[in-house]
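Below is one structure, written out as structure tokens, with a few remarks after it.
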Amino acid sequence: MNRYDPIKIEQKWQAVWDTTHPFKATEVNNQPKMFLAEMFPYPSGAGLHVGHVRNFTIVDVLTRFYTQQGFNVMRPFGYDTFGLPAENYAIKTGIAPQEVTEQNISNFRKQAKRLGFAIDWTREINTSDPEYYKWTQWCFLQLYKKGLAYQKESYQWWCPVDQTVLANEQVESGHCWRCGHEVEKKKMKQWFFKITEYADELLADIDALDWPDKIKTMQKNWIGRSIGAEIDFDIVQEGSKSTKPSSSSKSSKSSKSRQSKANHTVTIATSDSDINREDDISFRHIKVFTTRPDTIMGATFLVVAPEYPGLDYLLTDDTRDTVIKYKQDALKKSEIERQENKEKTGVFTGSYAVNPATKEQIPVYVADYVLASYGTGAIMAVPAYDDRDREFAEKFDLPIIEADLIDRDLYGTPKTTYRMRDWLISRQRYWGCPIPIAYDKEGNPHPIPEDQLPVMLPEIQDYQPDKSGRSALAKATDWLKVQIPIKDEKTGKIHLEEMTRETDTLDGYACSSWYLWRYASPHDKAAAWDPIAIKYWEPVDVYVGADHAVAHLLYIRFWCKFFADLGYLPFREPIKKLIYHGYINAPDGKKMSKSKGNVIDPLDVINDGYGADTLRTYEMFIGPVELDAAWDPRSVGGVYRFLNRCYNLCFKSDDFASPEDIRDNGSKPSDPEAKQNIIIRNKTIKKVTTDIHKYQFNTAVAALMEYVNELYKQGASEEDLIILAKLLKPFAPHLASEMLEHLNATDEWPSWDNQYLVSDTIELVVQVNGKLRSKLTVNASDLSDKDNITKLALADPRIAKYTSDGIKKSILVPKAKLLNLVV
RNA sequence: GGCCGAGUGGCGGAAUUGGUAUACGCGUUCGACUUAAAAUCGAAUGAGGAAACUCGUACGGGUUCAAGUCCCGUCUCGGCUACCA
């Protein structure tokens with residue numbers, strides 16, 4: 001006897017799809033388009049995990065659903081292949097990352113096919129393919145040309161023994177993870193993208209996005225706009241300390257600390273090479289940023305960050321040693337350590353500043369609770385209004401003045417600042433997209449001409465980074481040399497000049513900041529993307545993922561706005577609808593991890609005999625798409641039983657009651673039992689269709705289960721089975737295809753008929769004072785007649801016993817099929 | 001500390017947005033089939049109670065004919081963020 005054999009059925013249909021390519025998308029203008037994509041995966045050696053399956057199945061359900069509905073659907077696939085795991089593996093084994101990546105991709109492709117995903121395999125992209133990263137480099141050059149890719153000195157962790165930069169994770173409580181030597185912060189030149197240029201627009205456009213509120217809020221917080229003012233404080237120099245001392249009682253408090261340090265000498269230091277004399281921080285002013293310029297009357301001291309560029313100008317002979325020591329200690333601390341230790345620390349710089357509102361001289365401190373990278377790196381401390389300033393004031397015995405508030409604009413210039421910083425994109429790594437820049441003898445950067453792209457990653461033997469903290473690329477001596485055409489300013493002639501290539505590569509997020517546009521013309525040799533294909537397909541209609549809430553999803557919005565400004569994109573937001581789904585945890589509720597040994601391998605689930613359809617349907621049924629869920633092996637069995645019931649209903653219908661008399665054969669049946677089937681069928685079509693539209697896949701599956709349960713009770717007509725197969729196909733495409741073939745039907749998505757959603761008689765709920773007391777079967781047409789319905793209800797003995805004293809009023813709610821009698 | 005979410009049976013979770021609380025699945029129990037088991041099919045399953053009924057959506061109030069849903073307060077748990085001036 002034939003029984004449900006998912007493995008056999010799935011092999012059959014996967015072979016069919018592999019030869020007929022039914023999911024290939026081309027531009028067709030008489031059909032509405034639908035562009036669906038998941039966040040493309042990093043193809044790890046471990047293969048697909050259950051999280052991938054959830055991610056890809058959501059896209060697959062939508063792909064098949066919209067295809068069945070007649071949309072022209074594009075569902076491509078890609079691999080985000082640059083990154084540390086492949087490079088570290090190469091360092092360890094000497095096997096080229098290119099090779100490992102190719103193996104992993106081929107494994108991912110095989111597994112994706114094993115899951116029956118409806119992918120257009122002609123639109124497969126790989127970010128480490130030179131044909132792809134050529135255009136990543138092109139994107140970089142566009143940003144560079146517009147001044148949005150630039151170099152800047154920034155502090156990095158540096159191990160003086162190993163002579164290398166270290167990532168935050170490679171620093172263990174202030175020491176190098178390799179040699180154990182104390183690390184220091186070193187200023188190094190790095191590449192940045194100027195995302196802050198778009199901060200306002202990125203913020204303003206968030207509200208209109210059809211994205212989860214959680215993500216929108218996270219992006220808003222990340223951008224973190226603060227509206228305030230910048231205020232200049234004059235620094236008191238030697239001989240000018242006679243600045244009008246106030247004689248008010250308020251100021252007498254603050255004069256105490258000033259007097260004790262009255263005789264100091266400000267000298268200009270020359271020792272600290274960190275000081276950049278081009279900086280606009282004048283040695284006679286400290287510019288602070290505040291969101292509360294109205295509290296300036298209460299500002300009783302200033303605080304600058306340890307990294308504050310003008311710090312050296314503030315020091316005196318008395319304070320220099322202490323301050324330098326404090327600064328060095330602070331630079332050793334990681335951001336995390338600074339945050340963990342909330343105990344305020346700091347030292348007096350030796351200088352005073354004049355509060356422009358009170359004309360008081362107030363001391364200037366250096367303290368690590370002020371961050372160099374935010375605002376101006378200096379604050380006016382108002383201990384009466386700010387908890388952190390108060391804490392500091394109390395510790396250092398500084399005056400706390402409850403001064404009156406004043407007009408915000410009196411002493412400062414309005415200024416908006418952002419928490420978001422520019423995007424640091426250079427990586428001292430081999431396995432990334434080379435930055436298309438070369439340096440002349442003076443060290444000035446020059447862009448690689450576009451006709452020389454791609455700057456290929458050279459094949460090398462030893463992937464170990466070199467001793468200077470640069471990537472292994474620095475050792476590819478032949479590759480480093482490049483001839484760059486230079487136009488002579490005077491003669492206009494072009495000559496070639498030998499230069500040295502940039503050895504940093506791009507942050508992987510750069511590669512994924514434009515891939516959604518590449519999908520529109522994935523093999524385009526002439527451009528990063530084809531404007532006609534872009535106009536047809538983009539923006540993405542639904543994008544599905546579980547990660548990168550701010551990073552990737554902010555960067556791609558930034559690039560979209562940038563390329564829209566250049567005229568390359570006809571839209572300013574790349575993603576219309578975002579589904580941000582939850583994680584799947586281990587059965588014990590904890591995160592799956594190799595070390596805990598609680599990983600569920602999706603391929604094991606398939607090969608255990610459940611098959612891909614069960615796996616897919618289970619992961620859609622597991623819970624609301626946006627929530628985390630715990631894997632439950634027993635529920636997997638429940639879904640298998642459901643599919644088995646579908647199979648039996650279709651292929652073994654003789655084994656159970658299936659009354660011939662309810663086969664409706666397309667004609668309207670008069671038999672009331674058959675009418676019941678039609679109602680259930682129409683309700684199911686409506687429920688599944690609207691649930692998928694709302695991305696409520698769990699209840700869509702539940703509705704199908706309910707439908708099957710009803711069909712077992714009532715018996716199933718051929719039409720019932722066809723509808724079941726069509727509705728099932730997005731979730732369990734192999735089984736559904738097998739059923740549709742057997743039933744000789746197409747997969748065209750069915751529609752429901754509103755006239756079949758209600759039966760002639762309905763069950764009316766009767767409440768007394770809001771409590772359920774009885775249920776009456778009444779004609780649907782009577783629902784409009786309140787008096788009659790009330791009379792019927794009062795005649796019911798179960799109601800009558802509560803209404804012997806009469807009723808005050810009667811409320812009929814036809815929509816809810818409910819009558820409430822108030823006594 | 002700040003900003004979001006969320007608290008519903010033994011468990012995962014439903015509830016046309018104010019209208020029958022617990023759909024669907026798991027688990028459990030009983031029955032059918034079987035020499036037996038598995039599989040499959042059928043039935044029951046919030047608590048208390050013989051029943052009528054009563055009580056039940058974290059806790060305490062409120063609005064309403066009617067509250068899981070709305071309002072006020074409290075508690076608990078998650079997520080993000082964090083000395084951002």
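Reminder, nothing fancy here: chain letters follow the sequence lines and each chain counts from 1.
- A close approach under 4.0 Å does not occur between any side-chain nitrogen or oxygen of Arg419(A) and OP1 or OP2 of U81(B).
- Counting to the nearest Å, the P atom of C83(B) and the CG atom of Asp368(A) are 11 Å from each other.
- Applying the 4.0 Å criterion to OP1 and OP2 of C80(B), one finds that Thr217(A) has every side-chain N and O outside that range.
- When heavy atoms are screened at a 4.0 angstrom cut-off, Gly638(A) is found touching the sugar-phosphate backbone but no base atom.
- Judged purely by distance below 3.5 Å, without hydrogens or angles, the side chains of Tyr385(A) and Arg292(A) never pair a donor atom with an acceptor atom.
- Atoms CG (Leu649(A)) and C1' (U40(B)) sit 14 Å apart, rounded to a whole Å.
- Nucleic acid contact class of Asp387(A) (heavy atoms, under 4.0 Å, all strands): none.
- Using a 4.0 Å heavy-atom cutoff across all strands shown, Leu704(A) reaches no nucleic acid atom at all.
- For the residue pair Ser226(A) / Tyr374(A), a side-chain donor-acceptor distance below 3.5 Å is found, with atom types taken as modelled.
- Donor-acceptor pairing under 3.5 Å is lacking for the side chains of Tyr756(A) and Asn677(A).
- Asn698(A) comes within contact range of the sugar-phosphate backbone alone, with a heavy-atom separation under 4.0 Å but no base atom that close.
- For the OP1/OP2 pair of A82(B) and a distance below 4.0 Å, the side-chain nitrogens and oxygens of Asn221(A) include no atom meeting the criterion.
- Contact annotation: Arg645(A) side-chain N/O to G42(B) OP1/OP2 distance is under 4.0 Å.
- Residue-to-nucleotide contacts include no donor-acceptor pair under 3.5 Å from the side chain of Lys808(A) to the base of C65(B).
- The distance from atom CG of Asn709(A) to atom P of U40(B) is 13 Å, rounded to the nearest whole Å.
- Look at Lys771(A) and you'll find a side-chain N or O under 4.0 angstrom from OP1 or OP2 of C55(B).
- Taking only side-chain nitrogens and oxygens, Lys801(A) comes nearer than 4.0 Å to OP1 or OP2 of C53(B).
- Here Arg641(A) reaches the OP1 or OP2 of C26(B): one of its side-chain N or O atoms lies under 4.0 Å away.
- Residue Arg421(A) is in base contact, counting any heavy-atom pair closer than 4.0 Å across all strands shown.
- In textbook terms, a nucleotide whose glycosidic angle is within 90° of 0 is syn, and G9(B) is one such case.
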